[in-house]
Amino acid sequence: MKILNFGSLNIDKVYKVKHFVRPGETIFSKEYQCFPGGKGLNQSIAAARAGVPIYHAGTIGPDGRFLAELLKESGVDTRYLRENGSITGHALNSGFRRRGKTASSFFTAANYENGREFINQVLEDFGEGDILVLQNEISNLPYLLEKGAAMGMRILFNPSPMNESLKKTDLSGVTWLMLNETEGNDITGASDPDRITEILLEKYPQMKVILTLGRKGAVYKSAEECVYQPCFPVNAVDTTAAGDTFTGYFIAAIVEGKTMQEALRLAACASSITVSREGAAVSIPERTLVDERVRQLDKGN
Ligand code: RIB
């Protein structure tokens, strides 16, 4: 069984501000940082740091070579990562430290140059039972969802960032849907977490839904099982990549055959470490640290 993440790679440009800019306003920032990021890259790095072999496919420009290097150093197989002449995707984040919150704009660039021919070439090396990890930051997403499902791949889909076309996308080929409450509300129209999972399972009875609830933790729901995981209290410095860390560690736990309670606990613990650090990929912890933290929590420390 192989894991393929067909996903985005971004250069995250982060500007510290006192508050988010309002229409017509100009604000000053005196602190700037540049981080490796992109939901796809972050998730691959999280899975690799959690200890599972993962392939990352996607497109960067020459300015994104350091992203490829970071993937390799983190243990991700980059043979399906392509460089073309375009600009690498960018995320422009404004953040204010007090609440660890950020607001983002996303410049798609090379992430939107994954054509069908390239996708077909990559997928040729994968097959039934393999896991395909997807988010909504690359081109040809509906094609990937359709083709992966037709090949019998098990798809873990994170519908983020949400957009209008995604609300109408057929998700019947998705095995695991990993989403937050806002995305759940956009897809189902419901705001209550129980109602969100109920509507999703009515429409897609085969689906396993993992709904993250911010400070309230996360809930897993399938036709057979319902598991709740509270979140671990932490001093949040930067929430960027928290969801991606959760996704990567969740994949690792699934591959290792952990129970759903164990999988959610591991993912929630990893993600709590990520929010206590600044940046995207650089804030994702190694497995040894996460295991140690889980042991401490088990002992009640
Ligand atoms: O999920 C966090 C990521 O979303 C950031 O790294 C940024 O690149 C955006 O894509």
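Heavy atoms only: backbone and side chains are in, while hydrogens, waters and symmetry mates are out. Just so you know, ligand 1 is whichever comes first in the structure, and atom 1 is the first atom listed for that ligand. Small disclaimer: the values here were computed from a predicted structure and weren't measured.
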Side chain to side chain donor-acceptor pair (under 3.5 Å): which pairs involve residues 245-255, sequence neighbours left out?
-> Thr245-Thr274
Side-chain atoms of residues 146-154: list all donor-acceptor pairs with protein atoms under 3.5 Å, sequence neighbours left out, distances to 0.1 Å.
unit_1 : atom_1 : unit_2 : atom_2 : d
Lys147 : NZ     : Asn120 : OD1    : 3.3
Arg154 : NE     : Gly129 : O      : 3.1
Arg154 : NH2    : Gly129 : O      : 3.0

Any protein N/O atoms within less than 3.5 Å of an N/O atom in ligand 1? List the atom names and distances, or say none.
unit_1   : atom_1 : unit_2 : atom_2 : d
ligand 1 : 1 (O)  : Lys39  : NZ     : 2.8
ligand 1 : 1 (O)  : Asp244 : OD2    : 2.7
ligand 1 : 4 (O)  : Lys39  : NZ     : 3.1
ligand 1 : 6 (O)  : Asp12  : OD2    : 2.6
ligand 1 : 6 (O)  : Gly38  : N      : 3.0
ligand 1 : 6 (O)  : Asn42  : ND2    : 3.1
ligand 1 : 8 (O)  : Asn10  : ND2    : 2.9
ligand 1 : 8 (O)  : Asp12  : OD1    : 2.6
ligand 1 : 8 (O)  : Asp12  : OD2    : 3.4
ligand 1 : 8 (O)  : Gly38  : N      : 2.9
ligand 1 : 10 (O) : Asn10  : ND2    : 3.0
ligand 1 : 10 (O) : Glu137 : OE1    : 3.2
ligand 1 : 10 (O) : Glu137 : OE2    : 2.5

Taking only residues two or more places apart in sequence or in another chain, which ones pass salt bridge (charged side-chain N to carboxylate O under 4.0 Å, His left out) with Lys167?
-> Glu164
4.5 Å side-chain heavy-atom contact, Leu81 and Leu9 |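 In contact.
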Backbone N or O of Ile3 within a donor-acceptor pair of the Asp130 side chain at under 3.5 Å?
->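 Not a single qualifying donor-acceptor pair exists.
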Test: Glu117 and Arg82 ion pair at under 4.0 Å = no
